[in-house]
S.K.: 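My questions all concern the structure below.
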Amino acid sequence: MKLNQKIAIVTGGGSGIGRSAAIRFAREGAKVSVADVDSVSGEETVSLIREYGGDAIFVKSDVKDSNQVKELINTTTKTFGGLHILVNNAGISNSEVRSVDLSEEEWDHVIDINLKGVFLGIKYAVPEMKKSGSGSIINTSSLLGLKGKKYQSAYNASKAGVVLLTQNAALEYGKYNIRVNAIAPGVIDTKIIDVWKQDERRWPFISKANALGRIGTPDEVANAIFFLASDEASFITGTTLSVDGGGLTF
Ligand SMILES: NC(=O)c1ccc[n+]([C@@H]2O[C@H](COP(=O)([O-])OP(=O)(O)OC[C@H]3O[C@@H](n4cnc5c(N)ncnc54)[C@H](O)[C@@H]3O)[C@@H](O)[C@H]2O)c1
């Protein structure tokens with residue numbers, strides 16, 4: 001078990017990529033705080049982990065709210081005794097409309113969750129990781145943080161912001177042995193892509209728009225998150241790892 005004695009937080013841990021990462025961490029011996037705005041799905045992830053003897057708690061938290069993020073970090077460190085790994089994974093997409101038709105309120109909402117949420121996670125986790133003597137932060141960007149797509153203005157901007165926030169934090173906290181990396185998933189089979197799946201016209205193209213000609217699974221992304229969290233990635237920081245079946249090259 002490669003994460004034995006490690007203490008981890010996964011935001012957006014109630015579903016999709018976050019759930020897979022939380023389960024993988026627990027299977028590798030980590031104690032896991034599952035954070036999500038959705039209590040039902042978050043508790044479900046914890047039950048799945050406990051079913052095979054893993055150690056996890058659910059902490060209801062909205063990543064765009066600084067008090068809730070502070071509370072998430074406090075509860076985790078009080079319960080488990082420290083913090084080594086943070087996956088800033090919670091995220092939402094925006095309505096598929098042109099920028100001129102996107103409301104300011106929706107713009108703010110997407111940026112608050114997808115970008116400010118990552119900033120808040122870093123802001124409040126780093127002091128605890130310094131106390132623990134090391135840390136690994138993994139931020140979930142996107143293929144759409146590296147490549148523009150029509151009707152994705154807020155999502156594109158938020159996920160591109162995550163890439164440079166990752167580099168910034170890697171530079172600032174490397175001296176404390178805290179590594180900060182991002183992952184950039186392509187199209188992955190989670191509920192965030194339901195709107196595309198229901199689009200009979202575009203789905204045949206979207207579902208094959210990469211070198212491998214298929215969509216990815218949450219577990220395939222969790223493999224990359226686990227790698228970056230583990231000591232196997234001890235000399236990797238500031239990078240954004242594409243997990244997209246070659247989507248960026250397509
Ligand atoms: N699925 C894809 O194709 C894909 C591709 C690239 C990037 N991503 C990114 O992966 C991450 C995980 O998404 P997913 O695909 O697993 O989708 P998902 O919808 O299955 O999971 C997202 C989770 O985040 C939670 N969440 C939403 N807002 C929150 C908030 N304010 N605070 C805390 N939790 C919140 C949701 O309740 C949900 O459990 C997101 O950042 C998403 O942008 C997904």
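Throughout, numbering of the chain's residues begins at 1 and tracks the sequence.
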S.K.: Please determine whether residues W107 and L115 belong to a single hydrophobic cluster, defined as Ile, Leu, Val, Met, Phe, Trp and Tyr linked transitively by side-chain heavy-atom distances below 4.5 Å.
M.R.: yes
S.K.: Quick one: closest heavy-atom pair of S20 and D219, and the distance?
M.R.: OG-OD1, 2.8 Å
S.K.: How about T11 and N88: does a side-chain donor come under 3.5 Å of a side-chain acceptor?
M.R.: no
S.K.: Under 4.5 Å between any side-chain heavy atoms of F226 and E232, yes or no?
M.R.: no
S.K.: For I17 and N89: C-alpha separation, side-chain torsions, deciding distance, then whether side chain to side chain contact (heavy atoms under 4.5 Å, CB included) applies.
M.R.: CA-CA 8 Å; I17 293 168; N89 166 78; 3.7 Å; yes
S.K.: Are L72 and Y124 side-chain neighbours, meaning at least one heavy-atom pair lies under 4.5 Å?
M.R.: no
S.K.: I'd like to check the side chain to side chain contact (heavy atoms under 4.5 Å, CB included) partners of N156; sequence neighbours left out, ordered by chain and number.
M.R.: L144, K149, Q152
S.K.: Side chains of N114 and K159, heavy atoms from C-beta outward: is any pair under 4.5 Å?
M.R.: yes
S.K.: Could you tell me which non-hydrogen atom of A224 sits nearest to which non-hydrogen atom of L241, and how far apart they are?
M.R.: CB-CD2, 3.9 Å
S.K.: Go through it in stages, so that I can follow the logic: the residues are L228 and I236, the test is side chain to side chain contact (heavy atoms under 4.5 Å, CB included), and I'd like the CA-CA distance, side-chain angles, deciding distance and then a yes or no.
M.R.: CA-CA 8 Å; L228 291 171; I236 301 177; 4.1 Å; yes
S.K.: Can you tell me how far the CG atom of L165 sits from the CZ atom of F119, to the nearest 0.5 Å?
M.R.: 8.0 Å
S.K.: Report yes if the side chains of L3 and R27 come closer than 4.5 Å at any heavy-atom pair, otherwise no.
M.R.: no
S.K.: Side-chain donor-acceptor contacts of residues 203-216 below 3.5 Å, not counting sequence neighbours, with atom names and distances?
M.R.:
{"from": "S207", "atom 1": "OG", "to": "W203", "atom 2": "O", "distance (Å)": "2.7"}
{"from": "S207", "atom 1": "OG", "to": "P204", "atom 2": "O", "distance (Å)": "3.4"}
{"from": "N210", "atom 1": "OD1", "to": "L212", "atom 2": "N", "distance (Å)": "2.9"}
{"from": "N210", "atom 1": "OD1", "to": "G213", "atom 2": "N", "distance (Å)": "2.7"}
{"from": "N210", "atom 1": "ND2", "to": "R214", "atom 2": "O", "distance (Å)": "2.8"}
{"from": "R214", "atom 1": "NH1", "to": "E220", "atom 2": "OE1", "distance (Å)": "3.1"}
{"from": "R214", "atom 1": "NH2", "to": "E220", "atom 2": "OE2", "distance (Å)": "2.8"}

S.K.: Kindly give the heavy-atom pair with the smallest separation between V69 and V63, and that separation in Å.
M.R.: CG2-O, 3.5 Å
S.K.: For I178 and M129, work out which heavy atoms get closest and say how close.
M.R.: CD1-CB, 3.7 Å
S.K.: To the nearest 0.5 angstrom, please state how far the OG1 atom of T45 sits from the CZ atom of F58.
M.R.: 8.5 Å
S.K.: To the nearest 0.5 Å, what is the distance between OG on S99 and CG on D101?
M.R.: 9.0 Å
S.K.: I'd like to know if the side chain of D231 reaches the main chain of S234, judged simply by a donor and an acceptor atom lying under 3.5 Å from each other, with no hydrogens or angles considered.
M.R.: no
S.K.: Can a cation-pi geometry be assigned to R98 and Y151, taking NZ or CZ under 6.0 Å from the six-membered ring centre and within 45° of the ring axis?
M.R.: no
S.K.: Between R202 and E96, does any side-chain N to carboxylate O distance fall below 4.0 Å?
M.R.: yes
S.K.: Between E106 and S95, is a side chain to side chain contact (heavy atoms under 4.5 Å, CB included) present by the stated rule, with each step listed?
M.R.: CA-CA 8 Å; E106 187 169 353; S95 317; 2.8 Å; yes
S.K.: Hey, does the side chain of S132 reach the backbone of L83 with a donor-acceptor pair shorter than 3.5 angstrom?
M.R.: yes
S.K.: For residues S242 and L248, report the shortest heavy-atom separation together with the two atoms involved.
M.R.: OG-CD2, 4.1 Å
S.K.: Counting N and O atoms only, with roles assigned by atom type, does the side chain of D55 sit under 3.5 Å from a partner on the main chain of A26, one being a donor and the other an acceptor?
M.R.: no
S.K.: If I compare all heavy atoms of I7 with all of G81, which pair ends up nearest, and what's the gap?
M.R.: CD1-C, 3.9 Å
S.K.: With a 4.5 Å cut-off on side-chain heavy atoms, are I183 and S141 touching?
M.R.: no
S.K.: Working to the nearest 0.5 angstrom, can you tell me the gap between K70 NZ and N67 CG?
M.R.: 5.0 Å
S.K.: Flag yes if I111 and V118 sit in one hydrophobic cluster, no otherwise; membership is Ile, Leu, Val, Met, Phe, Trp, Tyr, and two members link when side-chain heavy atoms are under 4.5 Å apart.
M.R.: yes
S.K.: When rounded to the nearest 0.5 angstrom, what distance separates CG in N181 from OG1 in T237?
M.R.: 5.0 Å
S.K.: Do R50 and I57 come close enough that some side-chain heavy atom pair is under 4.5 Å?
M.R.: yes
S.K.: Decide yes or no for D189 and T217: does some side-chain heavy atom of the first lie under 4.5 Å from some side-chain heavy atom of the second?
M.R.: no
S.K.: Side chains of S134 and N177: is there a donor and an acceptor less than 3.5 Å apart?
M.R.: no
S.K.: Do you see a donor-acceptor pair shorter than 3.5 Å between the side chains of E28 and S230?
M.R.: no
S.K.: What pairs with D112 under salt bridge (Lys or Arg N to Asp or Glu O under 4.0 Å), at least two apart in sequence or on another chain?
M.R.: none
S.K.: Could you walk me through whether I193 and V187 pass the side chain to side chain contact (heavy atoms under 4.5 Å, CB included) check?
M.R.: CA-CA 8 Å; I193 62 159; V187 182; 3.9 Å; yes
S.K.: Indicate yes or no: at least one non-hydrogen side-chain atom of E44 is less than 4.5 angstrom from one of S47.
M.R.: no
S.K.: Can you tell which of T75, T76, T79 makes a side-chain hydrogen bond (donor to acceptor under 3.5 Å, both in side chains) with S33?
M.R.: T76
S.K.: Report yes or no: does R179 contribute a side-chain atom to a donor-acceptor pair with the main-chain N or O of S136 at less than 3.5 Å?
M.R.: no
S.K.: Do the side chains of F80 and I73 join up, straight or via other hydrophobic residues, at under 4.5 Å, putting them in one cluster?
M.R.: yes
S.K.: To the closest 0.5 Å, what do you measure between NE2 (H109) and CD1 (I92)?
M.R.: 4.0 Å
S.K.: Between D38 and K60, does any side-chain N to carboxylate O distance fall below 4.0 Å?
M.R.: no
S.K.: Ignoring hydrogens and geometry beyond distance, is a side-chain donor-acceptor pair present between N168 and E172 at under 3.5 Å?
M.R.: yes
